[in-house]
Amino acid sequence: MSSEMEFSTTSKTIPASGALHARDHFQAQPTDIFLCSSMKTGTTWLKSLSFTIATRGHRPSDDGSDMTTVSLRTAVPHDCIPFLEFHEYSTAVTGSEIPLFASHLPYTCLPKSVIDSDCKIVYICRDPKDTFVSMWFFLRKFVAGKNSTDVESFASIDEGFELFCKGSSSHGPYWEHILGYWEASIRRPEKTLFLKYEDLVEDTQLWVKKLAEFFSCPFSAGEEREGVVKECSFESLRDLEVNKSGKDEKRGRVIESSAYFRKGVVGDWRNHLSDEMGKKIDVIMEEKLMGSGFTF
């Protein structure tokens, strides 16, 4: 397999049948909430925060004896909130009174019922430079999990960078993925909450408050948002045994759970890309997003 195919299609061919099934059969309800994102833009963290907000007050036992619900202490965040395109929604049991779903699909590929109904969408995006670096490391680990010999043919970070700049990445060009949800949030701000990973890092408590309000389950005056923030901090999640030693063998892949918690640092791209490469992505994104009203 060529390096281009390895980098650009590894993650988007797996859920194709599930995405088509969801398009044809999934019927969104007004109470549903969808957490949408491109790959490696903060999905795992957003899931953790959203799940903890939605299930506060109903926590299962940590020993796993309560089989009717899942917990961040006993399951990776991706097992707590089902992915739409992997057809997990039909069997998911989360214990959340708020129906939470997730998707990496572009806005235009969501089921028509999701777009047309009064359900809500939360979209998170991230600086494209950090997004690319995180995606490259993740996909490389994914390939190694399938067959360690395939790593040798995997695109180098320089090759992957050029492909990313051409729009060849998971779920299509990154700028198109962003624009679809950004424009949806402009049309119907009450339906789509648009946030940046960097803003979430800068003031997590503020965004936890906004998420709870958007979910229609605001914190009462006596509730502490700090507990949610602390429980779902990158360090807390990374140090959980299920995320340190477990393996994700679902969704057509085998990968160590720790791969979901590489760094989460804003600006880590500087450790892997040159300043010239960073400027190139910035110029491309500025051109592609021009006139939309959105900037990084």
Side-chain angles (χ1 to χ4, degrees), residues 14-15 18 22 26 28-29 31-37 39-105 114 119-124 138 193 195 197 200 204 207-208 211-212 214-217 225 227-262 264:
I14 295 171
F26 184 83
Q29 302 301 312
T31 54
D32 292 345
I33 295 176
F34 292 83
L35 310 178
C36 299
S37 61
M39 276 187 65
K40 311 312 296 175
T41 58
T43 309
T44 305
W45 193 21
L46 179 61
K47 277 190 170 188
S48 302
L49 289 169
S50 300
F51 181 79
T52 304
I53 291 168
T55 60
R56 68 186 195 275
H58 184 153
R59 300 298 177 85
S61 58
D62 291 338
D63 61 6
S65 59
D66 184 355
M67 298 303 291
T68 62
T69 57
V70 294
S71 163
L72 286 176
R73 293 185 176 276
T74 58
V76 295
H78 296 300
D79 287 342
C80 295
I81 298 179
F83 270 109
L84 186 67
E85 54 265 39
F86 288 103
H87 197 199
E88 297 172 335
Y89 53 85
S90 61
T91 57
V93 181
T94 67
S96 171
E97 295 182 1
I98 301 174
L100 294 169
F101 304 93
S103 180
H104 284 319
L105 295 175
V114 175
C119 68
K120 293 183 177 180
I121 296 172
V122 178
Y123 183 77
I124 187 168
F138 180 82
L193 178 65
L195 67 139
Y197 178 84
L200 187 58
T204 309
W207 281 99
V208 163
L211 284 169
F214 191 68
F215 293 171
S216 298
C217 60
R225 298 195 304 273
V228 173
V229 175
K230 183 177 180 181
E231 182 177 346
C232 295
S233 71
F234 184 86
E235 292 76 17
S236 296
L237 292 169
R238 181 189 58 195
D239 292 341
L240 289 174
E241 190 62 33
V242 67
N243 296 328
K244 287 195 298 184
S245 60
K247 285 190 176 182
D248 183 355
E249 300 185 37
K250 300 179 181 179
R251 308 170 191 96
R253 61 190 177 208
V254 178
I255 189 169
E256 295 179 359
S257 299
S258 60
Y260 296 117
F261 303 92
R262 192 180 70 88

Using side-chain heavy atoms (C-beta onward) and a distance below 4.5 Å, is [X] in contact with [Y]?
| X | Y | value |
| --- | --- | --- |
| Thr204 | Val228 | no |
| Ile33 | Ile121 | no |
| Cys217 | Ile53 | yes |
| Leu84 | Phe26 | yes |
| Thr31 | Ile98 | no |
| Trp45 | Leu200 | yes |

How many angstroms lie between atom [atom1] of [X] and atom [atom2] of [Y], to the nearest 0.5 angstrom?
| X | Y | atom1 | atom2 | answer |
| --- | --- | --- | --- | --- |
| Ile81 | Lys47 | CD1 | NZ | 6.0 Å |
| Cys36 | Ile124 | SG | CD1 | 11.5 Å |
| Leu46 | Thr44 | CG | OG1 | 9.5 Å |

Checklist entry - Nearest heavy-atom pair of Leu240 and Leu72: which atoms, and what distance? => result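 The answer is CD1-O, 3.2 Å.
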Checklist entry - Do you know which two heavy atoms are closest between Ser48 and Pro77, and how far apart they sit? => result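 Of all heavy-atom pairs spanning Ser48 and Pro77, the closest is OG-CG, 3.2 Å.
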Do any N or O atoms from the side chain of [X] and from the backbone of [Y] form a donor-acceptor pair under 3.5 angstrom?
| X | Y | result |
| --- | --- | --- |
| Tyr197 | Thr43 | no |
| Asp32 | Gln29 | yes |
| Ser233 | Lys230 | yes |
| Thr41 | Ser37 | no |

Checklist entry - Do Lys120 and Phe214 meet the cation-pi criteria used here (NZ or CZ under 6.0 Å from the six-membered ring centre, within 45° of the axis)? => result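 Output yes; distance and angle both within limits.
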Checklist entry - side-chain contact (heavy atoms from CB on, under 4.5 Å) between Val114 and Cys119: does it pass, once the steps are laid out? => result CA-CA 7 Å; Val114 175; Cys119 68; 3.9 Å; yes
Next on the checklist: Taking the six-membered ring for Trp, are Phe215 and Phe51 closer than 6.0 Å centroid to centroid?
Outcome noted: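 They do not qualify: ring centres at least 6.0 Å apart.
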Next on the checklist: Whether the Ser236 and Glu231 side chains hold a donor-acceptor pair (N or O, under 3.5 Å, no angle test) is what I'd like checked.
Outcome noted: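 The answer is no; no qualifying pair exists.
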Checklist entry - Between Phe83 and His104, what is the ring plane arrangement, given parallel below 30°, perpendicular above 60°, and tilted in between? => result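 Ring orientation, 0 to 90° scale: tilted.
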